[in-house]
Structures are given as C-alpha cells and as structure tokens.
**Student:** 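Quick one: structure below, then a few questions.
Numbering of residues begins at 1 and proceeds along the displayed sequence.
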Amino acid sequence: MIVPMKKISLITLGSKKSETLKKLRKLGIVHIEISEGKGEKLIELKGNISLLESALYSLGKSKDIEPKSATAAEALEIAQEIARLSDEKKDCISEQIASSAELERLKSWGEINPEEIGDLLKNGVDISLYEMPKSEYEALPDCIKTISLEKTKSSVKFALIAEDNEGEEEAVNAISPYKVVLPQRSTETLRQKIADLDTRIKDIEEKIASYIVFADSIKQAIKIFEKEIEFETYSTGMEDQNLASSDSDNLSVAYFRGYIEEEKLDSLKTAAKENSWGLLIEEPTEEDNVPTKLKNNKFVSLIYPLTDFLGTVPGYFEYDISGWFLSFILIFFGIIFGDGGYGLLICAVAAIPIIKSLIKKKSISPVFLLVGLFGLSTVLWGTLTCTWFGLSPEMLPAWLKSLSIPVISNVYGDKLWYPFWTNGTAGLTTAQNLQIFCFTLALIQLNVAHIKAAFRNKKSLKILGDIGSMLQLIGIYYIVLSLVVNPTVFSFSLVIGGIPVGTVAIVLIAIGFVLSFVFSNYEGSVIKSILSSLTNIVSVLLGVVNVFSDIVSYIRLWAVGLAGAAISATVNELAGPLLGNFLFMVLAIILLVFGHGLNMILNILSVIVHGIRLNTLEFSSHLDMSWSGHKFKPFEE
C-alpha cells in the first residue's frame, strides 16, 4: 500500500533556523520540500565530497587488510594528500612521455649531448645536424661544408659546419626544414630522467596504496558531508520573511513546506508545541509533488530491489502494484528462461549467500531471496514443460517426463490436442497451447488493472467505463485467438452449447466500446464525458487497436522462451559429438559452459527488456500509471 501523507508548512523564527532543523533531523519524520540551497559553505561541502570520491576512486577496491579509523576532517586531509600525489603522478607521467618521445626522435642519431656541441660553438666551430633526401644532399652547392655521418639508399645524415663562405647563408636557409632540433638535455640525461621518473611514479603509487586502510573512513566521511550538505541546503533554501518595522530591527520568520506520514503527525504536533513552531496541516492535492512511501508485507517487499534498480516509483495518487508486479514477473521470468536446469543453477547461486547468512546469523538480503524465487519459478516452468538444459525428452528419465503437463510439454511436441467443440476435426499444437497460455496471462493481468481501477471508481459512474474496458478485453481476447493462434479452432462461427462465441465476442467489444466512450472521462456529467471522448475521437478509436496490440504483445514470452530453447538445443548438438572423444571432451565442456552461460545472459536481458516491459508498460498503461513518483526521504540523522 501507499502510505497516507499529510502536507505540512512549518514556520519558525529566522534566527532559529539551524536550531529548528537540528531538532527536526533528530525527530526524523519530515520530508522537506527544498531541493536547492545557496552559499559558499554549500559549494565548499560539495567540493569536499568531490575530493573524497576522487580519492576513493584512486584507492581502488579494498583489499583484505585491517582498516584504520579517521575522523571526517582527517579523511579530508588524506584525500587532499592523495589528490596532491595524483597530480604529481600525472605530471611525472606527462614528463616521462615527453622525454620518451624526445629519445625516440633522436634514436637514429645515437648519443647526442647539446653541451658538447655548445662547447664547439664557443671554440669557433658552428656545427649543425641535418637529415635530408640523398638526391638533395648530392645537389648541395660547394659553398656548404658537410661531414656525412650516415648514408642510406634514400637519405643522408650529416653535420654542417658554417664557415661564412660566399652564398653559404642563402644555401643554409634553403635547407633549414631538414635541420635537426637539438634536445635541451643529452640523450643519456633523458634516459636517466625517465628512470628517475619511473621510480618516483612507483613511490607515489605505493604511497597512495598505503592509504587504502582509510577507505572505510573516507566512505564514512562522504556520508557525513552529504548530511551536512542536506542540512545546509535546507538551511539556506528556507524562505525568509522580514517582519521588522524598521531596518534596525532584526525580526524575521523562516518557513518551508514538506510531507509527513499521517500516522506520525502527532509526534510533529507535539514537537511544534514544545518549540513554538507554527504548523499548518493540509491534505495533499494532485497538484502537489507528494513523495511516495510503500508499505507491504515481507514477501511482497522482495520486489523492492528490482524496482529500486529500475528506478520505478509510483506517484502518490497512483497504485501500489508491488504484489502484482512480483507475481507476474515471477511467471514471466520462468517462461522466458523456460529451462528447469537453468532454474536449478539460479537456485544454487542464490542458496550460497543465503546459507552463509544463516550460518553467520545475519539477515538475508532480499536480493538473494528474490533471485531464489526466480530460480524456483524457472524450475517449475521447466518441470511443467519438461525442459532441462535443452535436452530432448528421449534423454530424460520417465519420472521427470511424467511431471509435465501434456498439452504444453515437449514430450508431446508433435501431438495435436483436440478441444471438445471441434469433434476431432481441428487440433492445437503444443506451441499453440503455449501461445494461448500467454494470451490468457494477458487477459488476466490487464483485467486486474481495470478491476483495480473499478474499485477506485466504485462510487462513480466512471466504473462503467472500467467495466467497458474489461468487456473489450474479453472480446478482443477471442479475436486474438482466432487471428493469431488457430482460425479453425477459434472460428467466428463457433457455437458452444448454443452460444455463438464469435458473435458474443464482437457484441462484447461493441458494448465495451460504448461504455468506455460514454463513461471513461466521467467527472460528474455524462454529457461532458461524451464531449471529451468526441474531442479525442482518434485516441478513443486507437484505444481499441491498442488493446489488441497489448494482448498480442504477450506472445513475446513464448517467442523469447522458444529462442532460448533453440539456442540451448543447438549448443548441445554442437558439443554432443565431441563428448564421445576423450581428446575433445575438454573442448566440449568449454563449449557447453560458454554456450549455456551466454544463453542465460541473453535470457536475463530478455527478462529486463520483455518481462519488465509487460509490467511497467502494458499493465501500467491500463492503470493509467506513469511511474512519476519519487521516494519519501525523511530528514534524519
């Protein structure tokens, strides 16, 4: 259920903002509706968190070491030191890269010392180094004096000695692009510099790694600063109203709006009375951005890890479908994975941490319990359809095959099943039976949505619109069976017990459409409701088509499950011949593990893409849910 909320406005003296917030934080029951603050302190606090998070990233994953404790201030100093060391490391790496690039550039010249060349210049020998194409070198004028250092088929390395010969300056300028720029340091010095920098980088890395013992303290410091940011945001974000009669007076009040659980309202009233706070209590309206808090039993609450991962929160005025979400996602998961063997593996994965928690007498994480339920659902579906690791039914024991349901079991894959009204003239395959099951799931789930809506509208004529939607669903369900599954078995001319089923389906659609058209927008006036439907006539007509597509959309469960079964069977076919040869047995095992493992990963993605979609889109759209809510987060210590 969605916990009932009250909207509150709290007023306090401007001089007592901090004191009031501290008392409210200690109380821990009010969701404050302030999202932005201001001031240098807030900027500084956010900078501290950024620094701490950067330090935590630099430390990497914690190792099996004995942690050391540090205060938030000490953790911040450690983070500052890590940041300084990280910056120094970046500088060292940059300098090392530059020196390495310089060495690479001069690699073909051997050892070069710019100081020695400078000494020659002091002694009157002006020497420069060049590298140019051989053809151009041979065409140099006689006024240029060179010493060839190395010749290849295409180029020449040489030293040019300036002697102020006539025409020399002009010739030298012409070949300036080929001049080799001398390094600032000798190549030997560059190599030593690189080695020194490498040593320093390793020292820095060791120093940073030594702070890993404070990782937990840094995480705790982040939480502390986040609390300070929250406090400062509320403190600086509260609206102030000056009540002073003159500029010399300093009388003001501060106020904010927020929300509180209805059952905890008395505690806030008591605190307001004790502290002389002004308190206005109102009923939330649909215009208010009311936070949502869900409260369910322990079993239904197992869905919370999944909804938290998805970030789906119902709006305060929407529905809590946690129980239905859990029930149907378990069914969808089992059908999509579809293999009892995979289900056993999932159960084993969940059982390990559950058993560890039981041994250590710790509370079991809901995540592992949910995964365990997913595994059990898959085992159940695999048992009903006789699907185990993609093996053919002939390879399975008789007792396992006997547990399956014949009409959907792989054991009877080629057999036709004849409904009583066909008199043996038309039958259904196992695949068609599975399709019918998926469409029946659609009928049940989508009708649940309209039944919930009908209960909400039970005191209004709008309930007739919900009944109309249910009638349309039932009628279109039969149309889907006829058009998609088997037009012979589910013909429009079908008569059972004197009832013309096809005709009844069309009549239900017609009656349902009229009821929906007239009453779906009812807000106290039938005329206004009809006018509203006429205004949106295109959307109303498309709504019938959407109902058809929503039901058909559930066939994705069968299709994805079929694809997964085909992949697992293919993997077995590829690995089967290799298992008969001892030399290739290891390769076969690798192929089986990789193939089935990849198939399970694809199935997980399919659950996210298809299974969750049916809950959050098709089902929710029939509830008019947009998942526009945000979580109730009380201001607490």
Side-chain angles (χ1 to χ4, degrees), residues 61 64 305-306 309 329-359 364-365 367-401 403-404 408-411 413 430-431 434 556-612:
K61 294 183 179 180
D64 294 330
L306 179 58
F309 170 74
I329 195 63
L330 286 174
I331 297 171
F332 298 160
F333 190 100
I335 296 174
I336 289 173
F337 263 76
D339 193 299
Y342 289 175
L344 291 175
L345 293 176
I346 295 170
C347 288
V349 169
I352 294 172
I354 290 174
I355 293 171
K356 284 184 178 179
S357 297
L358 291 173
I359 293 174
I364 301 172
S365 171
V367 175
F368 301 127
L369 292 173
L370 180 61
V371 171
L373 285 176
F374 284 148
L376 291 174
S377 172
T378 308
V379 170
L380 177 60
W381 184 255
T383 302
L384 297 179
T385 59
C386 197
T387 308
W388 299 91
F389 290 114
L391 298 172
S392 62
E394 294 78 16
M395 301 175 67
L396 299 173
W399 67 269
L400 201 55
K401 290 187 281 188
L403 295 175
S404 63
I408 59 173
S409 174
N410 289 324
V411 178
T430 300
L434 287 169
R556 69 182 66 235
L557 298 172
W558 166 77
V560 174
L562 183 65
I567 292 173
S568 59
T570 302
V571 171
N572 291 341
E573 287 180 12
L574 292 173
L578 299 176
L579 290 172
N581 190 317
F582 180 78
L583 294 176
F584 293 104
M585 188 171 292
V586 174
L587 180 60
I589 293 172
I590 293 173
L591 179 59
L592 287 170
V593 172
F594 175 78
H596 286 291
L598 180 61
N599 194 22
M600 291 186 71
I601 292 172
L602 292 174
N603 284 338
I604 292 173
L605 294 176
S606 297
V607 170
I608 295 173
V609 173
H610 302 291
I612 290 175

**Student:** Nearest 0.5 Å, please: how far is CG in Asn572 from CG in Leu391?
**Tutor:** 5.5 Å
**Student:** Over all heavy atoms of both residues, which pair between Gly390 and Ser568 is shortest? Give the atoms and the distance, please.
**Tutor:** CA-OG, 3.4 Å
**Student:** On a heavy-atom basis, which atom in Asn603 and which in Gly564 lie closest, and how many Å separate them?
**Tutor:** OD1-CA, 4.3 Å
**Student:** Can you confirm whether Val607 sits close enough to Phe332 that some side-chain heavy atom of one is under 4.5 Å from a side-chain heavy atom of the other?
**Tutor:** no
**Student:** With a 4.5 Å cut-off on side-chain heavy atoms, are Ile359 and Ile355 touching?
**Tutor:** yes
**Student:** Would you say that Ile331 contacts Ile335 through its side chain, given a criterion of any heavy-atom pair below 4.5 Å between the two side chains?
**Tutor:** yes
**Student:** Just by modelled atom types, is the Leu373 backbone N or O under 3.5 Å from a matching donor or acceptor in the Ser377 side chain?
**Tutor:** no
**Student:** With the side chain counted from C-beta on, respond yes when Ile346 and Met600 share a heavy-atom pair under 4.5 Å apart, and no when they do not.
**Tutor:** yes
**Student:** For residues Ser404 and Val411, report the shortest heavy-atom separation together with the two atoms involved.
**Tutor:** OG-CG2, 4.2 Å
**Student:** How close do Cys347 and Gly375 get, counting heavy atoms only, and between which atoms?
**Tutor:** SG-C, 3.4 Å
**Student:** Please list all pairs passing the side chain to side chain donor-acceptor pair (under 3.5 Å) test where one or both residues lie in residues 382-392, with sequence neighbours left out.
**Tutor:** Thr385-Thr387, Thr387-Asn410, Ser392-Glu394
**Student:** Drop me the distance from Leu557's CG to Leu562's CG, to the nearest 0.5 angstrom.
**Tutor:** 12.5 Å
**Student:** What closest approach, in Å, do Leu400 and Cys386 show between heavy atoms, and which atom pair accounts for it?
**Tutor:** O-SG, 4.5 Å
**Student:** Which residue pairs pass the side chain to side chain donor-acceptor pair (under 3.5 Å) test when at least one of the two sits in residues 335-347, sequence neighbours left out?
**Tutor:** Tyr342-His596, Tyr342-Asn599
**Student:** Looking at every non-hydrogen atom in both residues, tell me the closest pair between Lys401 and Leu396 and how far apart they are.
**Tutor:** CE-O, 3.5 Å
**Student:** Taking only residues two or more places apart in sequence or in another chain, which ones pass ring pair (Phe, Tyr, Trp, His ring centres under 6.0 Å) with Phe333?
**Tutor:** Phe337, Phe374
